[in-house]
Protein chains: 2
Amino acid sequence: MSEAAIQTYTRADEAFDCLQTAIVKGDLVPGEKIGEVELCSRFNLTRGPLREALGRLESRGLLVRRPHAGVKVVSVSAEELLELYRIRETMEGLAARQAAERMTDEEIVDLQATLDTHERMIEQAQGQAYYQAEGDYDFHHRIATGSRNTKLAQMLLGDLYYMVRMYRYRLSTSSGRPHMALGEHRRIAEAIAQRDGELAEFLMKRHINAARNNIETKIQNGSLTI
Amino acid sequence: MSEAAIQTYTRADEAFDCLQTAIVKGDLVPGEKIGEVELCSRFNLTRGPLREALGRLESRGLLVRRPHAGVKVVSVSAEELLELYRIRETMEGLAARQAAERMTDEEIVDLQATLDTHERMIEQAQGQAYYQAEGDYDFHHRIATGSRNTKLAQMLLGDLYYMVRMYRYRLSTSSGRPHMALGEHRRIAEAIAQRDGELAEFLMKRHINAARNNIETKIQNGSLTI
DNA sequence: AGACCGCGCATTGTCAACAATCTATATACT
DNA sequence: AGTATATAGATTGTTGACAATGCGCGGTCT
C-alpha cells in the first residue's frame, strides 16, 4: 500500500511490509510462534530477506525473538496498551504544537479537507469501524508529518502507530465515539489553522487522553479482553 | 562489552553491537559511505549476519540505506539535533513523572547513590567530558527504566539516546555545565524520592531544555560545528 | 508410576557462490 | 570543450546448501 515512491524495492522491503501489515491486520496472532519456513512459503520469499525483515520488526518491537527458538508476534498487555496512549499523549501534543508553527497553509487546507471526507465516511459507513480507524490514522499521520520533526514523525509513524493499529483492527477500539472524535479533530485543526501551538497541544493531549479513558473503561467493563 | 547475560549470542547480535558502538564512538563517521565487505573484514563477520544487523540499525535511524548503493551513517543537522532535545523534553518528562510514581524505594536509593559517584567523578576527572557524559547517561537510563513503561524505555534507550550520545562523544556537549547538571539531577532525584511526579516532570523538562539551550548557544557562537 | 537421561528430528543460524543493479571511466558526438 | 552514452568493474541483493542449537519423544532406572 502506497510504495510507489520507492525506485527499487528489494525483497527484504517486501517481506517487511507484508509482515508488518499481517501483524497489524491480525493475520498473525500475538503470542503465536511462527516458523521461518512457513512464513517463506506464505509470502513467497526466501529466508535471507525474510530474516532481514524479522530483524527490523524485532528492532521496532513488533516481534520478539529468542535465539534458536523462533519468533513470535509481541503480545501487549492491557496495561502496556494504556501506557502506549500515555506516550502518544505527550508526543502527539508536541507534534501538534510544532505542526501549528510549521505546517504550510496548503497542508492545513488539506488537513481540514480530510476531515470533511471523514465526516462523510462516518455518515455513510455507519459503524464501519475500519474506515473510522483509518480516518483517524490519516489525521494523526498528517500532523506528525507536519511537525517537520524528522525523528518525531519517524517514532510516531514507525513505532507507535503500528502497535496501536494492531489492536485497533482487532478490537475496533475507536468505535462508539466517532462523532466526538471528529469534533475533537476539528478543533485541533482549527487551532493549527490559527497558528495557536499551545492550544493545539492542549487539545491534542486531551483528545488522546479521552481515547485512552474510553479504552480503559471498556477494559474495566470486561467488554474488551486483551 | 557486557554480553554475559545473554545465553546464546548470535553473530548478528555481535555485528549489531559492534556497529552501534562504532557509530556512537565516532569510529564510523556520519555521511561516510561504508561497504559491506569492508565492514565484514573489520569486525570479522560474514555478510549474512552483517546485513541483518544493518537492517536493525537502519530501522533505528542510525544508518541510511539506498538499495544497491550502500549504507552510510546518518548525519544529523544542527536543527535535527535540537529537535531531538525537544522530543527528549516531553518523553523524559513523562518518564520522570512515572518513575516518581513507580520506582521502588531501593531503586531511588541507588539513583541517589549514583549521583554521589558522579560528583566524585566530576571532581576527580576535571574536564574529562567522557565520564561526565556517561554519568549523565546513567542517570537518565535509570529513570527511563524506572518509569515501568516498557515502550517508553525502549524508545528512549533504543532510539533517542544512541543518537544523542553519538554527538556527545564527538562534541562533548555536556562540558561546561557539569556541576549545574549535577545539581539539576539532584533536585529531580529529590522530587522522585518525595513521590512528587508533577515536580519531577517539571524539573526534568527544564533540565533537558537547559541542555538544549546550552547546545544552541554554542552552535550560534560557532564553537560547535556539525 | 513417576522422573530423569539420551537420542533423533526439526528449526534456526551461518556460509559461500550466483545474479542484479549502480557508479565511474572512457569514448564519441555536438 | 562540454555533455551524453555505453561499457566495465565493483558492490549489493538473493539463493540454496551446510552447521549448530533447541525441543520432544522414548527408554530406563528408582
Side-chain angles (χ1 to χ4, degrees), chain A residues 3-23 27-75, chain B residues 3-23 27-75:
Chain A
E3 54 259 0
I6 299 174
Q7 288 178 338
T8 39
Y9 191 64
T10 69
R11 307 287 276 179
D13 293 329
E14 194 183 326
F16 182 75
D17 284 0
C18 284
L19 284 170
Q20 195 168 45
T21 59
I23 291 170
D27 297 341
L28 261 41
V29 185
E32 187 190 12
K33 190 233 167 189
I34 40 181
E36 290 186 2
V37 284
E38 191 198 324
L39 287 176
C40 287
S41 60
R42 195 154 161 181
F43 297 109
N44 268 57
L45 296 161
T46 52
R47 283 183 56 217
L50 180 87
R51 284 180 61 82
E52 206 182 309
L54 290 178
R56 287 197 230 175
L57 289 164
E58 185 199 12
S59 165
R60 293 206 175 179
L62 262 68
L63 293 177
V64 285
R65 213 168 176 186
R66 242 181 45 202
H68 294 106
V71 299
K72 62 177 184 181
V73 180
V74 73
S75 60
Chain B
E3 55 258 358
I6 300 174
Q7 288 180 339
T8 38
Y9 190 65
T10 69
R11 309 286 278 181
D13 293 329
E14 196 184 325
F16 182 76
D17 284 1
C18 284
L19 285 170
Q20 195 169 44
T21 60
I23 292 170
D27 296 340
L28 260 42
V29 186
E32 187 191 13
K33 189 234 169 187
I34 40 181
E36 289 186 4
V37 284
E38 190 196 325
L39 288 175
C40 287
S41 59
R42 196 156 160 180
F43 297 109
N44 269 54
L45 296 160
T46 53
R47 284 183 56 217
L50 179 88
R51 285 180 61 81
E52 207 182 307
L54 290 177
R56 289 198 229 174
L57 289 164
E58 186 200 13
S59 164
R60 294 206 175 179
L62 261 68
L63 293 177
V64 284
R65 213 167 176 187
R66 241 181 46 203
H68 295 105
V71 299
K72 62 178 184 181
V73 180
V74 72
S75 61

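Lettering of chains follows the sequences in order, A, B, ..., and the numbering in each one begins at 1.
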Rounded to the nearest Å, what distance is computed from the [atom1] atom of residue [X] to the [atom2] atom of nucleotide [N]?
X: A:Lys72; N: C:dT11; atom1: NZ; atom2: P; answer: 18 Å
X: B:Glu14; N: D:dA20; atom1: CD; atom2: C1'; answer: 16 Å
X: A:Glu36; N: D:dA17; atom1: CD; atom2: C1'; answer: 15 Å
X: A:Leu39; N: C:dT11; atom1: CG; atom2: P; answer: 12 Å
X: B:Leu50; N: C:dA16; atom1: CG; atom2: P; answer: 14 Å
X: A:Tyr9; N: C:dA20; atom1: OH; atom2: C1'; answer: 18 Å
X: A:Glu52; N: D:dT14; atom1: CD; atom2: C1'; answer: 10 Å
X: B:Leu45; N: C:dG13; atom1: CG; atom2: C1'; answer: 13 Å

Distance below 4.0 Å between B:Arg51 side-chain N/O and D:dT12 OP1 or OP2: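 It does not, given that no N or O in the side chain of B:Arg51 lies less than 4.0 Å from OP1 or OP2 of D:dT12.
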Can you figure out which of [options] approaches the side chain of [X] most closely?
X: A:Ala12; options: D:dT14, C:dG13, D:dT12; value: D:dT14
X: A:Thr10; options: C:dT21, D:dT14, C:dT12; value: D:dT14
X: B:Ala69; options: D:dG13, D:dT15, C:dT23; value: C:dT23

Please classify the nucleic acid contact of B:Gly35 as base, sugar-phosphate, or nothing, using heavy-atom distances under 4.0 Å.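 Sugar-phosphate contact only - B:Gly35 comes under 4.0 Å of backbone atoms but never of a base.
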At under 4.0 Å between heavy atoms, what does B:Arg66 touch on the DNA or RNA strands: base, sugar-phosphate, or nothing?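 Sugar-phosphate contact only - B:Arg66 comes under 4.0 Å of backbone atoms but never of a base.
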Taking all atoms of both residues into account, what is the closest heavy-atom pair of B:Glu32 and B:Lys72, and its distance?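 Between these two residues, the closest heavy atoms are O-CB, 3.2 Å.
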Determine the sole option in B:Leu19, B:Leu50, B:Leu39 for which the side chain to side chain contact (heavy atoms under 4.5 Å, CB included) test with B:Leu45 is passed.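 Only one of B:Leu19, B:Leu50, B:Leu39 forms a side chain to side chain contact (heavy atoms under 4.5 Å, CB included) with B:Leu45, namely B:Leu50.
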To the nearest 0.5 Å, what is the distance between CG (B:Leu62) and OG (A:Ser59)?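 OG of A:Ser59 is found 10.0 Å from CG of B:Leu62.
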Distance in Å, B:Ile34 CD1 paired with B:Arg42 CZ, rounded so as to fall on 0.5 Å steps: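 Spacing of CD1 (B:Ile34) from CZ (B:Arg42) equals 8.0 Å.
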Side-chain ion pair, B:Asp13 and B:Arg56, N-O less than 4.0 Å: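 Here B:Asp13 pairs with B:Arg56 in a salt bridge, since their nearest N and O are under 4.0 Å apart.
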Any donor-acceptor pair under 3.5 Å joining the side chain of B:Arg47 to the base of D:dG13?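 By the distance-only test, yes, there is a pair.
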A:Arg11 or A:His68, whichever maps to the more 5' nucleotide of DNA chain D: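 Here A:Arg11 is the residue nearer the 5' end.
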